[in-house]
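Quick note: numbers below take in every heavy atom, side chains included, and nothing from hydrogens, waters or symmetry partners. Below, chain A is the first sequence line, B the second, and so on; all start at residue 1.
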There are 2 protein chains.
Amino acid sequence: MTERDGGRRDLAAMLSQVMRALGAVELPVLDAHGVSMWGYVVLTALRESPVRTQAALAEAIGADKTRIIGTLDELQEAGLIVRERDPADRRARLLSITEEGREVHSSTQADIQEKENRLLAMLPPDDRRGFLNAIEAMSALPREDIVAMAEPPGGGARR
Amino acid sequence: MTERDGGRRDLAAMLSQVMRALGAVELPVLDAHGVSMWGYVVLTALRESPVRTQAALAEAIGADKTRIIGTLDELQEAGLIVRERDPADRRARLLSITEEGREVHSSTQADIQEKENRLLAMLPPDDRRGFLNAIEAMSALPREDIVAMAEPPGGGARR
DNA sequence: ACATATAATACGCGCTCGCTTATTATTGTC
DNA sequence: GACAATAATAAGCGAGCGCGTATTATATGT
């Protein structure tokens, strides 16, 4: 807010820094729990709700459907997920989390959030609340919505 | 805040979503201005202050010193930066931004921040303020500090 | 003078990822 | 039944990246 033209630094630049630091904090936690990053992301998603196809899961978590197969293989092998053909459509795989997967996810998430809480504790309460509200809101939006939102208002007529 | 164990989603997960969306918003802007992502990052850094060695620049922007050489080559070729040997130590390169580099950076940043402002406008003012304060604070900290902060307080005795 | 350290540079290795293609099995439509 | 579409799967390609190595030039320390 001192010598910058726009009055603030670029969001992406700042967030990129924060993300990198968070990675340094959290990846070792995943390692310690024997879960890969994508494995953890999959567990998180399946914990919220089972899915009917791998493609749907991939889309939900922003992964490439052709690349999560290995991750699913590992999770299935480790007994953390169930992956079976849908009797109603044998092309599809029903994916859900096992009880063990739920436990692994819980303990991992507890450790992760404990560390995150420590970071959040450095912020004044109002800023913390605002920050959490903001990223909750933004992360809940589909990417296309965010892209559209960033366009000039008159840009809609270009469609 | 409904059915989650910890009461909130993982920061890293949410921020990762936001970052991806921001990428979709901002990378085309960089393209339109003929600047690569790392090129823009370098211009941003040199605009704040010149540096004395490429290694120092790389460290400041979180890049790999062996990999930014190509980027520096391009920026120098395009007349956006000055890169000359330090007369006081011929091993080192003095790096600074040119007037043209400043202009390219300014127009790029204006477009980027305009888009970011549109996104920020979706947030209630308090949340926006809190969010910006938070990421400014967090992104200003060295990564090691953040990692250390995430450790349990008693962990210090382990050193 | 010589040993050691430093800065830039080029490049290798292994890994990840976005995207694409091709194949097999299965389902849906005409 | 034929054909198009769909789901999973494997793998290729190119790009990017973290990290490491090696080389050359230069500076510093003994």
Side-chain angles (χ1 to χ4, degrees), chain A residues 12 16-17 19-24 26-28 30-31 35-42 46 50-77 81-96 143-144 147, chain B residues 12 16-17 19-24 26-28 30-31 35-42 46 50-77 81-96 143-144 147:
Chain A
S16 163
Q17 289 271 98
M19 279 300 315
R20 242 192 283 223
L22 272 182
E26 302 194 3
L27 289 175
L30 296 179
D31 270 358
V35 190
S36 70
M37 189 201 82
W38 281 115
Y40 179 69
V41 171
V42 167
L46 290 184
V51 293
R52 241 208 88 241
T53 70
Q54 289 175 193
L57 173 67
E59 167 133 25
I61 66 178
D64 178 12
K65 72 183 177 189
T66 69
R67 295 226 179 269
I68 60 164
I69 290 162
T71 299
L72 294 177
D73 289 343
E74 286 162 14
L75 291 174
Q76 179 177 22
E77 180 72 27
I81 65 169
V82 177
R83 182 211 242 177
E84 47 203 6
R85 282 178 188 262
D86 180 354
D89 179 349
R90 294 173 55 76
R91 293 172 301 182
R93 303 295 149 97
L94 299 177
L95 301 169
S96 60
R143 191 189 308 184
E144 317 87 63
V147 172
Chain B
S16 164
Q17 290 273 96
M19 279 301 313
R20 246 194 279 222
L22 272 183
E26 302 193 4
L27 289 175
L30 295 179
D31 269 358
V35 190
S36 69
M37 188 201 84
W38 281 115
Y40 179 69
V41 171
V42 167
L46 290 185
V51 293
R52 239 210 87 240
T53 71
Q54 289 174 193
L57 174 67
E59 167 133 24
I61 66 177
D64 178 10
K65 72 183 177 188
T66 70
R67 294 219 183 271
I68 61 165
I69 290 160
T71 298
L72 294 177
D73 289 344
E74 285 162 18
L75 292 173
Q76 181 177 21
E77 181 73 29
I81 65 169
V82 178
R83 183 212 242 178
E84 47 202 7
R85 282 178 188 259
D86 181 353
D89 179 350
R90 295 173 54 74
R91 292 173 302 182
R93 304 295 149 96
L94 299 178
L95 301 169
S96 59
R143 190 188 308 186
E144 317 87 63
V147 172

Exercise. Closer than 4.0 Å, any side-chain N/O of B:R93 to the OP1 or OP2 of C:dT9?
Worked result: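 For C:dT9, OP1 or OP2 has a side-chain N or O of B:R93 closer than 4.0 Å.
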Exercise. Counting just side-chain N and O atoms, does A:R91 come under 4.0 Å of either OP1 or OP2 of D:dA8?
Worked result: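 Result: no.
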Can you tell me which nucleotide in [options] comes closest to the side chain of [X]?
{"X": "B:W38", "options": "C:dT27, D:dA7, D:dC17", "answer": "D:dC17"}
{"X": "A:A55", "options": "D:dT9, C:dA7, D:dA8", "answer": "D:dA8"}
{"X": "B:R83", "options": "D:dT9, C:dT9, D:dT26", "answer": "C:dT9"}
{"X": "A:Q54", "options": "C:dA7, D:dT9, C:dA25", "answer": "D:dT9"}
{"X": "A:M37", "options": "C:dT27, D:dC19, C:dC17", "answer": "C:dC17"}
{"X": "B:T66", "options": "C:dT26, C:dT20, C:dA10", "answer": "C:dA10"}

Exercise. Is the closest side-chain heavy-atom distance between B:L94 and B:P87 below 4.5 Å?
Worked result: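 Counting from C-beta outward, B:L94 and B:P87 do come under 4.5 Å.
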What is the distance, to the nearest angstrom, from the [atom1] atom on [X] to the [atom2] atom on [N]?
{"X": "B:E84", "N": "C:dA8", "atom1": "CD", "atom2": "P", "answer": "14 Å"}
{"X": "A:D86", "N": "C:dT27", "atom1": "CG", "atom2": "P", "answer": "9 Å"}
{"X": "A:L57", "N": "D:dT6", "atom1": "CG", "atom2": "P", "answer": "19 Å"}
{"X": "B:D73", "N": "C:dA8", "atom1": "CG", "atom2": "P", "answer": "13 Å"}
{"X": "B:L94", "N": "C:dA7", "atom1": "CG", "atom2": "P", "answer": "13 Å"}
{"X": "B:L72", "N": "C:dT9", "atom1": "CG", "atom2": "C1'", "answer": "12 Å"}
{"X": "B:D89", "N": "C:dT6", "atom1": "CG", "atom2": "C1'", "answer": "8 Å"}

For this session: Let me see the working for A:D86 and A:R93 under salt bridge (Lys or Arg N to Asp or Glu O under 4.0 Å), right down to the final yes or no.
Result: CA-CA 5 Å; A:D86 180 354; A:R93 303 295 149 97; over 6 Å; no
Exercise. How is A:R52 classified with respect to the nucleic acid when contacts are heavy atoms under 4.0 Å: base, sugar-phosphate, or nothing?
Worked result: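 Contact class for A:R52: none.
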Exercise. Between the side chains of B:R83 and B:Q54, does any donor sit under 3.5 Å from an acceptor?
Worked result: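 Note: B:R83 and B:Q54 side chains meet the donor-acceptor criterion.
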